[in-house]
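This report refers to the structure that appears directly beneath it.
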Amino acid sequence: MSERIERIGSTVIENVRPQLDAGRWPVKRVEGESLTVQADIFKEGHDVLVAVVRWRQSVPRSQATEWAEVPMSSPKGNDLWEGSFPLTSNGRYEYTVEAWPDFFATWVTEIKRKVDVGRDVRSELLEGAAMLRAHAERARQDGNPDDAERMLKAATLFDQGMSPNAIAAAVDPELKRVASRYADRSVATRYDRVLEVFVDREKARYGSWYEFFPRSAPRDGRTHGTFKDAEKWLPYVQSLGFDVIYLPPVHPIGLKARKGKNNSLTAGPDDVGSPWAIGGPEGGHKAIHPQLGTLEDFARFVKEANAQGIEIAMDLAYQCSPDHPYVKEHPEWFLHRPDGTIKTAENPPKRYEDIVNFDWLGPARDTLWPELKSVVMHWVNLGVRIFRVDNPHTKPMQFWAWMIREVQTERPDIIFLAEAFTRPKVMKALAKLGFGQSYSYFTWRNFKAEMQEYLEELTQPPVSDYMRANFWPNTPDILPEFLQRSGPGGFRLRAAMAATLSSVWGMYCGYELCEGTPVAPGKEEYLDSEKYELKAWDLDRPGNIRDYIARLNGIRQRHRAFQLYDNLRFHPSENEQVMFYSKRTPDGTSQVLVAVSFDPYNAQDSVLYVPLEELGIQPDETYQVHELMTDTRSLWQGPTAQVRLTPEQPAAIWAIYRFRRSEQAFDYYE
Ligand SMILES: O=P(O)(O)O[C@H]1O[C@H](CO)[C@@H](O[C@H]2O[C@H](CO)[C@@H](O)[C@H](O)[C@H]2O)[C@H](O)[C@H]1O
C-alpha cells in the first residue's frame, strides 16, 4: 500500500482548524486565551471514537513542555469534534489531533442493544473478557495495577457465562471509563501535520500608540531635542491615555543626498534631514544620533517610559544613507547598478533619493541577514520590545520569516508591526509570516458600507487568526484628504472610530491639535513636514481635542471589551451616515455599544437596532446604558434606540448594565 493511502488511517481526521496555509505559518493568539481546535473525525461502521488534541509549548525553550492531551468531543454527533487547550504563557505552541476507535466502548453499546431485545450474549461476553484482559495488561504496563485488577475481575465474571451480575458489569459506565483509558492506541490515526500557534503577550492585541519625533521635543522649532527633553513628554503622552510611544529612527542621519524642508532634494546647512536616512560618520543602525544623546540616555528614556506605564516602539528601517558605515565596510551588501554606483531606494511612486537598499538575496546574504538580526537584538538588550518595521513589503518575505522566527525563538515577547501600505495579499502574507500587527486601509475608508465590509473581513477568521490591524487616522506620511477638509469634527470622529473599532490604534503628534494643512492641494503630505525639520508644537493650541482623545483612551482602559480584537459586530442603523456596532467579552462581563457618525459637519439622527439577544437581554427587559463620552445614563427597553450625533460629539459609546435581582433589591452589573 502506498504511504499516501496508509496515512489516511482507519479513523479519518480531516479539516483540522485553525490552520494557516496548510500549516505553513502559526496562527496567532494572546496569552491567557485558549485555543479551540476543531476537526472532522469519522470511521467506517459504528465504532465509538475517541479523539484528543495533543499539544505542547515549544518556545521559549526554557519553558518547553512534554506533549499533553485534552479530550475532544462531538456534542452534535455530526462528526465535527472540538477540544481546547490553555495558552498560559507567551511563546510558541504545537498542536495536532489523534483519534482511535474504542472497541470496548463499542462492545458495551452493542451488548446493551442485544440484551434489550433478549438475545443470548454468551459469546459476546467471552469477546469482552478477552478485550478486558488486553486492556488490563496495558494498565499493568502503565503501572496501574488497581485498574488492571478491576478489569480482570469483570473478565472472570464474563467467562462464567450469562448472569444478571455479568450483564450488570458489562454495562457498568465506570468499567467502560476505566477500560477506555487503556484502549489500543496502536490503531490510532494521528493527523499528519503538527500545527503551530504563536502566543503573543497582550500588548500585541491591545495598545494605544502615540508617535512623536524626539528631536522636536523642546517645541521651539529651533533647538534639537534630546532624550532628556523627550522624557518631559512622558506625562503629556500619559495624560492622553497612550501606552506605547513610537519613535521614528533615532540614529545618525546621512549628509550625502540629505533632504531639505518639504522633501526638497537640496538641503541647507541647518536642515536636519529625514531620520529614515540612517547612518553617518557617527555610526549606523546601532548608534544614537549624537544630538539626541547617548545609548545610555536612550536606555534611560526607555526605562523611564516603562516606569510610567509606556512602552517604546522603535523604528526598524533596513536601509542606509550613502554615509552609513556599512556602505564602506560592506559594499557587497548593496545593490549596484551596472555602472558601479549603488541604487537608491523607492516605494513607487515615492522616491527616496537619500537612501540605498540592501541586496537582500545576493551572495552576501549569509553575513547580511545575521547582522540585521543583531540590530534588533542590540535594541532589545537596551529594553525595546516593540518594533515598527518600515516598508517591509519592499524586502523579501523569506528574510522576515527567518528574522522574526529567530528573534521570537529567543525572545517571544518581541512584537513587530508591519508598516506596509500595499496590495492586500502582500499585507496578509507579512502578517502570516510573523508580524504581530499590521497597518491597514482604515485611514482611507470614509463610508459606512466600505468600512463595515473591511472590518468584517479583518476581525473575523480566517484573517483575524493571523492579522491584527493597528488603526492610524494619520501618520507623518499621511494626512488623509478627509482630515484636510473636515475640521475638528472629522478629527474627533476618525479618532473615535480608530479607538473603538480596533483594539490597537495610534496617531501621530499634531492630530490632537487638528493639524490639517497639506503641502499642496491633492497631496497627503503635511506642509512643513516634521520628517524634514524640527517642529514648534504648541500642545495647548486653541481648538485642540486633547480631552476628547484622553476620554477615548480612558474608556478603552476601563472597558475590557475594547481590548479584544475579534469581538466586533455590526448592527443596523437607519441612517447611512451612522454606523452602529457592539463589542463584548466572551463572558459578557463587559459589553459596549458604539454609534459613530461619518459626517464631520452636521448633526445626524438615527434609529439603532440593539442586538438584544446577543447581549443576553430579554425583549421586555429594562436595562441601563451609560453613555461614556458625555457621562449620561438612561434606561432603555426594546430593540430600538434613538441617537443624535454632532461634530462635537460624533460618537456615542454606551456601557450596558443589566438589573439583577438580588435578595435585598435590584442591583446592576456591567
Ligand atoms: O514608503 P512608505 O510610505 O511606507 O514610508 C516609510 O518609509 C519611507 C522610507 O523609509 C519613509 O520616507 C521618509 O524617509 C525617506 C528616507 O530618508 C525619505 O526619502 C522620504 O522623503 C521620507 O518621507 C517614510 O517616512 C516611512 O514612513
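Please read these numbers as outputs of a predicted model, since none were measured by experiment. This chain uses plain numbering: 1 for the first residue, then up along the sequence. Atoms within each ligand, like the ligands themselves, are counted from 1 in listed order.
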message: What I want to know is whether Ile355 and ligand 1 share at least one N or O pair that is separated by under 3.5 angstrom.
response: no

task: Between Thr475 and ligand 1, find which residue part has any heavy-atom pair under 4.0 Å and reply side chain, backbone, both or neither.
output: neither

- line: Residue, atom and distance of the protein heavy atom nearest atom 16 (C) of ligand 1 read Asp354 OD1, 3.3 Å

task: Please work out whether any backbone atom (N, CA, C, O) or any side-chain heavy atom from C-beta onward of Arg388 is under 4.0 Å from ligand 1, and answer side chain, backbone, both or neither.
output: side chain

query: Looking at atom 25 (O) of ligand 1, what's its closest protein heavy atom, distance included?
result: Asp477 OD1, 2.9 Å

field: N or O pair under 3.5 Å between Tyr532 and ligand 1
entry: yes

- request: Please name the residue in the list Arg405, Arg24, Arg29 that meets the salt bridge (Lys or Arg N to Asp or Glu O under 4.0 Å) test with Glu196.
  value: Arg405

task: Could you say whether the N/O atoms of His393 and ligand 1 ever approach to under 3.5 Å?
output: no

Neighbour count >12 (heavy atoms, 6.0 Å) for atom CZ, Arg337: yes

- prompt: Centre of Phe442's six-membered ring, under 6.0 Å away, within 45 degrees of the axis: is that where NZ or CZ of Arg494 sits?
  reply: yes

task: Answer yes if the ring centres of Phe491 and Tyr511 are under 6.0 angstrom apart, and no otherwise.
output: yes

query: Which heavy atom of the protein is the closest neighbour of atom 2 (P) of ligand 1, given with residue, atom name and distance?
result: Tyr352 OH, 3.3 Å

message: Can you confirm whether the side chains of Lys535 and Ser529 place a donor and an acceptor under 3.5 Å from each other?
response: no

message: Just to confirm my output: which protein heavy-atom neighbour is closest to atom 3 (O) of ligand 1, and how far is it?
response: Lys350 NZ, 2.7 Å

message: Can you see whether Arg468 engages Ser438 through a side-chain donor-acceptor pair at a distance of less than 3.5 angstrom?
response: no

message: Evaluate Lys259 for polar contact with ligand 1, using N/O atom pairs at a separation under 3.5 Å.
response: yes

- prompt: Tell me: protein heavy atom nearest atom 13 (C) of ligand 1, and distance?
  reply: Ser274 OG, 3.8 Å

field: Positive for ring-ring contact (aromatic ring centres under 6.0 Å, His included) with Trp369, one of Tyr318, Phe399, Trp360, Phe358
entry: Phe399

- prompt: What atoms in ligand 1 come closer than 4.0 Å to a heavy atom of Gln319?
  reply: 9 (C), 10 (O)

Cation-pi geometry met for Lys432 and Tyr466 (6.0 Å, 45°): yes

Taking atom 26 (C) of ligand 1 as the reference point, the nearest protein heavy atom with its distance: Asp390 OD1, 3.0 Å

query: If you measure from each non-hydrogen atom of Ala317 to ligand 1, which part falls under 4.0 Å: side chain, backbone, both or neither?
result: neither

statement: If you scan protein heavy atoms around atom 23 (O) of ligand 1, the nearest is Lys531 NZ, 2.8 Å

field: Leu234 vs Ile245, side chain to side chain contact (heavy atoms under 4.5 Å, CB included): CA-CA, chis, key distance, verdict
entry: CA-CA 9 Å; Leu234 295 174; Ile245 287 178; 3.6 Å; yes

task: Examine the side chains of Ser216 and Glu530 and answer whether a donor and an acceptor come within less than 3.5 Å of each other.
output: yes

- prompt: Which ligand 1 atoms, with their elements, are less than 4.0 angstrom from a heavy-atom of Asn263?
  reply: 21 (O)

